[in-house]
Amino acid sequence: MQRVRLRYTKRGRLRFTSHRDFQRAFERALRRAEVPMAYSAGFTPHPKVSYANAAPTGTGSEAEYLEIALTEARDPEKLRILLDESLPDGLDIVEAVEARTSGLADRLTASVWELRLDGVDMAEAGRAVAAFNAADAVEVQRLTKNGVRTFDARPAVVSLRTTEEHTSQADRPTDQPCAILRLVVRHVTPAVRPDDVLSGLRAVADLAPPVPAAVTRLAQGLFDEETGTVTDPLAPDREAGPA
């Protein structure tokens, strides 16, 4: 059995697809590409696909990951091309490597997010970010299936800053102010999502963008405490080389 790890994107309007929608589209792509999938046992066998830490519905992403198990060996790059051609534009398979190490999910401990705030100027955003970073605690509320939950979003946030860089696929307006924030957040329990940080900015600085923020995950992987960066989770598989 061969295991292959894939990095894929959610771009443009496809960021509004749910994780279940993506699962259905991906399983159709596997059939179209005639991938020799391994299947689970039991009365209702399913292709062996392991999804890891999917982005929330409505957010874009350049760094989603999954792993598939095959019954026959395939060249990862040729497999990537076949699957990419079988998916709609916006759900793009951008990288494939043979799994030569264990624990992909264990290497997804933090994410880098870009938050585009249309209608907010950089000075206003900078004041709100400074207030958030200075706070010892930032309590936010989230509606869950068990009711409203209150929790502190501050400890999970490694860094939050304004930036002039713009690296996501979303279009930028040309005639309106637009603040860009860069967020690095640890994957903790309960999960702290970009919308929780936006709620925190509203709570500590009354920052309320006139339109919903455009949110894109730029990277996810292990958080390096020494450098303060999020590392590539597929790098160990590339470095391991053929068995």
Side-chain angles (χ1 to χ4, degrees), residues 5-10 15 19 22 50-67 95 101-117 125-126 128-146 148-163 165-168 179-205 207 212-237:
R5 289 169 177 167
L6 306 172
R7 178 167 69 92
Y8 67 95
T9 71
K10 288 173 61 182
R15 71 183 184 275
H19 182 54
F22 174 78
S50 299
Y51 300 93
N53 197 42
T57 302
T59 63
S61 181
E62 295 295 308
E64 301 298 286
Y65 294 92
L66 61 81
E67 179 178 300
E95 193 170 4
T101 62
S102 60
L104 173 63
D106 294 336
R107 296 202 290 269
L108 304 179
T109 63
S111 288
V112 182
W113 295 92
E114 178 181 277
L115 286 61
R116 192 191 77 199
L117 310 181
V129 166
F132 186 101
N133 288 332
D136 293 326
V138 179
E139 287 198 347
V140 298
Q141 293 185 329
R142 183 192 301 162
L143 182 62
T144 70
K145 62 182 180 181
N146 296 319
V148 176
R149 181 173 188 175
T150 301
F151 59 96
D152 183 5
R154 183 65 185 88
V157 176
V158 177
S159 67
L160 176 64
R161 60 183 176 88
T162 59
T163 178
E165 301 172 14
H166 183 267
T167 55
S168 75
I180 306 296
L181 307 186
R182 192 64 49 84
L183 166 69
V184 180
V185 62
R186 298 180 192 272
H187 299 167
V188 296
T189 303
V192 173
R193 305 181 306 211
D195 58 319
D196 298 319
V197 174
L198 291 168
S199 295
L201 290 169
R202 181 192 291 266
V204 300
L207 181 69
V215 179
T216 302
R217 174 149 54 193
L218 303 181
Q220 64 172 322
L222 273 176
F223 181 70
D224 188 317
E225 298 285 351
E226 292 185 4
T227 64
T229 60
V230 174
T231 62
D232 180 359
L234 299 184
D237 295 299

Taking all non-hydrogen atoms of both residues into account, name the closest pair between [X] and [Y] and its distance.
X    : Y    : value
Q220 : S111 : CB-OG, 3.4 Å
A153 : V157 : O-CG2, 3.6 Å
V204 : A128 : CG2-O, 4.4 Å
H187 : L108 : ND1-O, 2.8 Å
V185 : V192 : CG2-O, 3.7 Å
A63  : S61  : N-OG, 3.0 Å

Keeping the roles fixed (side chain from [X], backbone from [Y]), state whether a donor-acceptor pair exists under 3.5 Å.
X    : Y    : result
R186 : T109 : no
R107 : S102 : yes
T229 : T231 : no
D152 : V138 : yes

What I want to find out is whether E64 reaches R7 closely enough, with some N-O distance under 4.0 Å, to be called a salt bridge.
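Judged by the 4.0 Å cut-off on N to carboxylate O distance, E64 and R7 do not form a salt bridge.
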
Just so I know, are the side chains of [X] and [Y] near enough to count as touching, which here means a heavy-atom distance under 4.5 Å?
X    : Y    : answer
L207 : F132 : no
L218 : R182 : yes
L160 : L201 : yes
E114 : I180 : yes
E62  : V112 : no
H19  : Y51  : yes
L143 : R149 : no

Spatial distance of atom [atom1] ([X]) from atom [atom2] ([Y]) [nearest 0.5 Å]:
X    : Y    : atom1 : atom2 : result
L115 : L183 : CG    : CG    : 6.0 Å
E67  : D237 : CD    : CG    : 8.0 Å
D106 : L222 : CG    : CG    : 8.5 Å
D195 : W113 : CG    : CH2   : 9.0 Å

Side chains of T59 and R193 only: does a donor on one sit below 3.5 Å from an acceptor on the other?
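No, no side-chain donor-acceptor contact under 3.5 Å.
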
